[in-house]
Number of protein chains: 2
Amino acid sequence: MASEKRKLLSPEREQLILRALNKGICRIEQLSSELGVSEATVRRDLVSLEEQTKVRRVHGGAIIAQSPKTEPIFAEKASINPGEKNLIAEAALELIHDSDTIYLDGGSTVQALSKMLVRRKNLTVITNSLMAAAELMESGHRLILVGGEFRAISRTLIGPLTANIISALHIDKAFMGTIGFNPDYGMSTTDPNEAYTKELIIKRSNVVIVLADSSKIGVSSFALSGGIADIDILVTDSGISQKTIEKLKKNKIEVIITQQENS
Amino acid sequence: MASEKRKLLSPEREQLILRALNKGICRIEQLSSELGVSEATVRRDLVSLEEQTKVRRVHGGAIIAQSPKTEPIFAEKASINPGEKNLIAEAALELIHDSDTIYLDGGSTVQALSKMLVRRKNLTVITNSLMAAAELMESGHRLILVGGEFRAISRTLIGPLTANIISALHIDKAFMGTIGFNPDYGMSTTDPNEAYTKELIIKRSNVVIVLADSSKIGVSSFALSGGIADIDILVTDSGISQKTIEKLKKNKIEVIITQQENS
DNA sequence: AGAAATTTGCAAGAATTTGTTCAAAAATTT
DNA sequence: AAATTTTTGAACAAATTCTTGCAAATTTCT
């Protein structure tokens, strides 16, 4: 779609290459013609990107590396730090009361919360997460899926189509997962379509609650998915720094910190 | 028959092999023809995948290493006579070509069809069935869920909210399951909301294909979910009566009858 | 503008990958 | 248990892709 005649500088090309690679694997020849440079140049860019561990080079092309900017696949992610995630989910559960209308976002922490919802009654649960939906199928709660395009890596429904249903709903409390949480800018995630859906939800919610363990804090990913001003409550663990807490409180964000686990 | 336009890079092949293996396609020869590469190359890929402990090689093919990863997301209820349903699904699969945009309804026969879609490439699959969605999660096809209220008994999304997304879509071929199929009145089902969603889909589809084994024919349920005039093709088994076939042909419905099984 | 530094494109040699062939190994049948 | 068929592993050739050195072009700095 972009055949620019103007010469591109290497940082610009690398950005374009990364964007192309986000859609999957790309071969050298294709990148060369899309960017209008020789294959040798593409190779050099890829070498540079590989040194930054952003890309994995393979014979004939390259694919995005599973770096901190990319999500681990769902199965792995769930097992990284289950104890911490469950503590955060427990704290979040305290915010949910019988007969609430809540939204559950994707992500393993929110997934942990969904497992606990049997302890509440008569909820209306709206979600874009197929994992959460599977969990709640037999729960007896009213369950609404937002619909939209399926994103395999996060097992969520995302993209413009989600707007059709989300705009018809009203949500009391939205429980959001995230890839990165930056106390200055807000939440970020890897996929612009996923970010888009998150922003839609935030607009339709009375209270926005972010569930993020402290390893997410300070991390920035590709696409901004909700600014600091949109967030009402952050639930996290004790790994968060005092400085960050102060900064968030200045932005009127309530910070809930789980108790330290005794090991 | 297979669409082999460009060369695939080894990571792409490995991805496809993993997908195929998840579906039970496990012989070297099958993988070789699916991917359009020689058997030696498939073997080399399998060796690589085995080194990553993603696959276990056996004489004649390979099997996936971690089975309890993707399978138990949505529990599957054992079907009553899977043989007949699979035959119907096989016949329906012949109506689907690479790059089609299709809709998959709920029901076990349509579910059987969804399992076979790995044999097609680059489909856009729209569905309201969580079972079908679970099946297609790793398939590589584009997958769109319609969203809406979840009905536990059928594991489908139904009701007025589904209209928001369905009305934004256009469908080539809709594969519909049903509870009852009456040659005079059409399809019927037990839940009015489910019937409502079925009718929406039928309105947005070029070709409406009903998958119903002969035990459904003549049965009428509570809520009408699609008149005879809306139906283009019926795929069923040889239990259908000649009289019914005549009646349907008068209504311009093509009847596809599966071959009798030899046991 | 001119010079220095960096980047880009090209091409030859090196390295990978892929398909084919064939003997050894494994499974199946007689 | 022997014979037949099938599958596997290894070696080799052909084709593609990668690396590297070098000249031309572009950008940057003074």
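Chain letters run A, B, ... following the sequence lines, proteins first and then strands; every chain starts at 1.
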Discussion item. Counting only heavy atoms not in A:Lys247 (residues, nucleotides, ligands), do more than 12 fall under 6.0 Å from its NZ?
Written reply: yes
Practice prompt. Check the surroundings of atom CD in A:Glu29: do more than 12 heavy atoms from other residues, nucleotides or ligands lie under 6.0 Å from it?
Written response: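 Counting other residues, nucleotides and ligands, CD of A:Glu29 stays at 12 neighbours or fewer.
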Discussion item. Can you tell me if B:Arg57 touches the phosphate of D:dT7, counting only side-chain N or O atoms and a distance under 4.0 Å to OP1 or OP2?
Written reply: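 No, because none of the side-chain N or O atoms of B:Arg57 sits under 4.0 Å from OP1 or OP2 of D:dT7.
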Practice prompt. Using a cut-off of strictly less than 4.0 Å, decide whether B:Arg13 has a side-chain nitrogen or oxygen near OP1 or OP2 of C:dT18.
Written response: yes
Discussion item. If you define the side chain from C-beta out and look only at heavy atoms, does anything of A:Glu194 sit under 4.5 Å from A:Ser154?
Written reply: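 Side-chain contact under 4.5 Å: yes.
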Worksheet item: Are A:Lys249 and A:Ile245 side-chain neighbours, meaning at least one heavy-atom pair lies under 4.5 Å?
Response: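 In short, these two side chains touch, coming nearer than 4.5 Å.
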Worksheet item: What does the inter-axis angle of the helix from C:dA1-D:dT30 to C:dT30-D:dA1 come out as, five pairs per end, nearest 10 degrees?
Response: 40°
Worksheet item: Base, backbone or nothing for each nucleotide of nucleotides 20-30 of chain C, written B, S, -, heavy atoms under 4.0 angstrom, 5' to 3'?
Response: B-----SS---
Item to complete: Look at all strands and tell whether B:Val42 reaches a base, only sugar-phosphate, or nothing, counting heavy atoms closer than 4.0 Å.
Response: nothing
Item to complete: Give the rounded distance in Å between these two atoms: CZ of A:Arg43 and P of C:dT7.
Response: 19 Å
Discussion item. Nearest whole Å is fine: how far is D:dT8 C1' from B:Ile28 CD1?
Written reply: 9 Å
Worksheet item: For residues B:Ser48 and B:Arg43, is any side-chain donor paired with an opposing acceptor at under 3.5 Å?
Response: no
Practice prompt. For the pair B:Glu12 and B:Leu9, evaluate side chain to side chain contact (heavy atoms under 4.5 Å, CB included) and give the outcome as yes or no after the intermediate values.
Written response: CA-CA 5 Å; B:Glu12 288 181 284; B:Leu9 269 35; 3.7 Å; yes
